[in-house]
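Okay, structure first, notes after.
These values consider heavy atoms only, across backbone and side chains, with no hydrogens, waters or symmetry-generated copies.
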Amino acid sequence: MATKVHMEALSPTMEEGQVVRWLKSEGEEVSSGDILAEIETDKATMELVARGDGLLRTILLGEGGTAAVGTVIGVIAGAEEDIAGLIPADGAGSTAPGPETSPRPDGGPPPAPDGDGHTPPAVDVPPPAPGERIKASPVARRLAEAEGLPLEAIAGSGPGGRIVKRDVVKAAERRVAPVVPPPLPDADFEDVPLTQMRKTIAKRLVESIGPVPHFFLTVDVDMSRTVDARRRFNARLEKEGVRISINDIVLKAAAVALRRHPECNAHWGGNHVRRFNRVHLGVAVAIDDGLITPVVTDADRKGLAQIALEVRELASRAREKRLTPEEYTGATFSVSNLGMFGIHEFTGVINPPEAGILAVGAVADRPVAVDGAVRVRPQMKMTMSCDHRVIDGAQGSRFLATLQGILEEPLLALA
């Protein structure tokens, strides 16, 4: 019996998907449960499995094409079975090519290789080799660009072969001949197709910043004792291969503060406010396509080492688009930290139906007044975005005061 292959809802918020690649070819035999294709959803790359037995008689949506959930993108049937009535007359949806085969904005063909056989890059950062992502720190990327060095030609000495600053410096020192700048592109601009994640981010931001009545609360935190506590934690945990970051400590402190202020650990429900008895923290992670918030469940009940290991594992799999829906849904409150990028202060946009998000800046030495004298102390700014329908100013202020107190005196977390 013939079986239609539908674009399935592979994540709770998925409305359309993009075929990354087909793992079965037309005419190939498949069995129920076999993996047919890899599909990019709004959050991750998921596997589409066969729901019937037979031959993959036809593929209606090519690699790089997008289609709405429920659209027929292929047919599984017997070799002699008539499938004409199963194929939609208007096809399966958009089959726009991906970035690797996109034509120029002026309608011409893709840029031709130059004399050395390299295709001129269309973005600031040189592209990785086909099928391989070049791992490099932001500093290394900026330095390589300034020096005119392609990342492909630099050997990385960081963890997992990551290219770091010293690798670029060494490559620049070894260079003899001057680097010829790449030729100017034929077109003045490039229209980059939206990924499924970027489409969802755009939609969610419009749903949040307009309808949700935001207000913002900012505090300065003296991080002297937290910085010292982190140093002592890491010295103790070094043999176990665990390293605690400032962000790990902020997450733990925020979870403890939310447990003490359940009015902020809440969702807006339209005709009710849902206050949660468990603290599930969404942790904003920047990836190539945008932003995703994997969730640390019961963060208030976990130790720092466990939070550190869990966050790193979730962030790693988020960047590889291997998170399962259960790992990026269900947050009761979110935390976004841009301190590692040198940002001192910013405001986050609430992710509905959550009622708040904490924006964390960098820890930096600044002069402050201490007992009537000027001292240099490590300072950090935190800004809480609040949904005024759920959180009032006094409630948000009390939560921030508790969080500030925990970070300025970590022993308070044990009180």
Side-chain angles (χ1 to χ4, degrees), residues 9 11-15 42-43 200-219 221 247 250-285 291-302 307 311 314 323 325-337 346-360 381-407 412-413 415:
S11 77
T13 55
M14 177 178 169
E15 295 181 357
D42 55 334
K43 301 291 187 182
T200 300
I201 289 173
K203 180 179 178 181
R204 296 284 288 172
L205 288 178
V206 171
E207 291 174 349
S208 176
I209 201 66
V212 176
H214 286 60
F215 75 92
F216 310 97
L217 302 170
T218 301
V219 294
V221 184
N247 192 55
V250 170
L251 291 173
K252 173 64 176 181
V256 171
L258 285 168
R259 186 177 65 204
R260 299 178 185 177
H261 298 274
E263 64 274 13
C264 297
N265 190 44
H267 283 183
W268 171 254
N271 59 2
H272 66 277
V273 171
R274 176 169 294 172
R275 292 183 178 177
F276 292 92
N277 298 320
R278 299 169 65 184
V279 180
H280 304 322
L281 282 185
V283 184
V285 174
L291 189 74
I292 191 169
T293 52
V295 180
V296 179
T297 58
D298 295 313
D300 58 318
R301 300 176 180 273
K302 293 176 177 175
I307 288 175
V311 168
L314 289 170
L323 290 177
E326 295 77 16
E327 293 173 323
Y328 58 76
T329 57
T332 59
F333 188 91
S334 291
V335 177
S336 179
N337 190 333
F346 69 105
T347 56
V349 179
I350 296 170
N351 185 24
E354 295 169 34
I357 183 171
L358 184 70
V360 182
K381 287 185 179 290
M382 299 187 303
T383 299
M384 180 183 179
S385 303
C386 305
D387 183 342
H388 215 328
R389 297 171 300 182
V390 179
I391 302 173
D392 292 328
Q395 293 173 321
S397 298
R398 286 192 289 266
F399 163 76
L400 275 185
T402 297
L403 176 55
Q404 180 186 35
I406 294 173
L407 292 172
L412 287 178

Under the criterion ring pair (Phe, Tyr, Trp, His ring centres under 6.0 Å), I'd like the reasoning laid out for Phe333 against His280: C-alpha separation, chi angles, the key distance, then a yes or no.
CA-CA 7 Å; Phe333 188 91; His280 304 322; over 10 Å; no

Can you establish whether the number of heavy atoms outside Arg389 located under 6.0 Å from its atom CZ is more than 12?
yes

Answer whether the closest heavy-atom distance between the side chains of Trp268 and Pro211 falls below 4.5 Å.
no

Please work out whether the ring planes of Phe276 and His267 are parallel, tilted or perpendicular, with thresholds of 30° and 60°.
perpendicular

Shortest non-hydrogen separation from Ser336 to Phe346 and the atoms involved
O-CZ, 3.4 Å

Do Asn265 and Thr332 have a side chain donor and acceptor closer than 3.5 Å?
yes

About how many Å separate CG of Leu217 and SG of Cys386, when rounded to the nearest 0.5 Å?
4.5 Å

For Ala254 versus Val335, what's the shortest heavy-atom pair and its separation?
CB-CG2, 4.5 Å

Trace of the side chain to side chain contact (heavy atoms under 4.5 Å, CB included) decision for Thr329 with Val295
CA-CA 7 Å; Thr329 57; Val295 180; 6.0 Å; no

So Leu291 and Val285, do their side chains get closer than 4.5 Å, heavy atoms only?
no

Under 3.5 Å, which donor-acceptor pairs link side chains of residues 393-400 to any protein atom two or more places apart or in another chain?
{"unit_1": "Gln395", "atom_1": "OE1", "unit_2": "Asp392", "atom_2": "N", "d": "2.9"}
{"unit_1": "Ser397", "atom_1": "OG", "unit_2": "Gly393", "atom_2": "O", "d": "2.7"}

Intermediate values then yes/no, side chain to side chain contact (heavy atoms under 4.5 Å, CB included), Leu251 and Val311
CA-CA 10 Å; Leu251 291 173; Val311 168; 3.8 Å; yes

To the nearest 0.5 Å, what is the distance between CG on Leu281 and CD1 on Ile307?
7.5 Å

State which residue, out of Thr402, Leu258, Leu358, Asp387, fulfils the side chain to side chain contact (heavy atoms under 4.5 Å, CB included) condition with Cys264.
Leu258

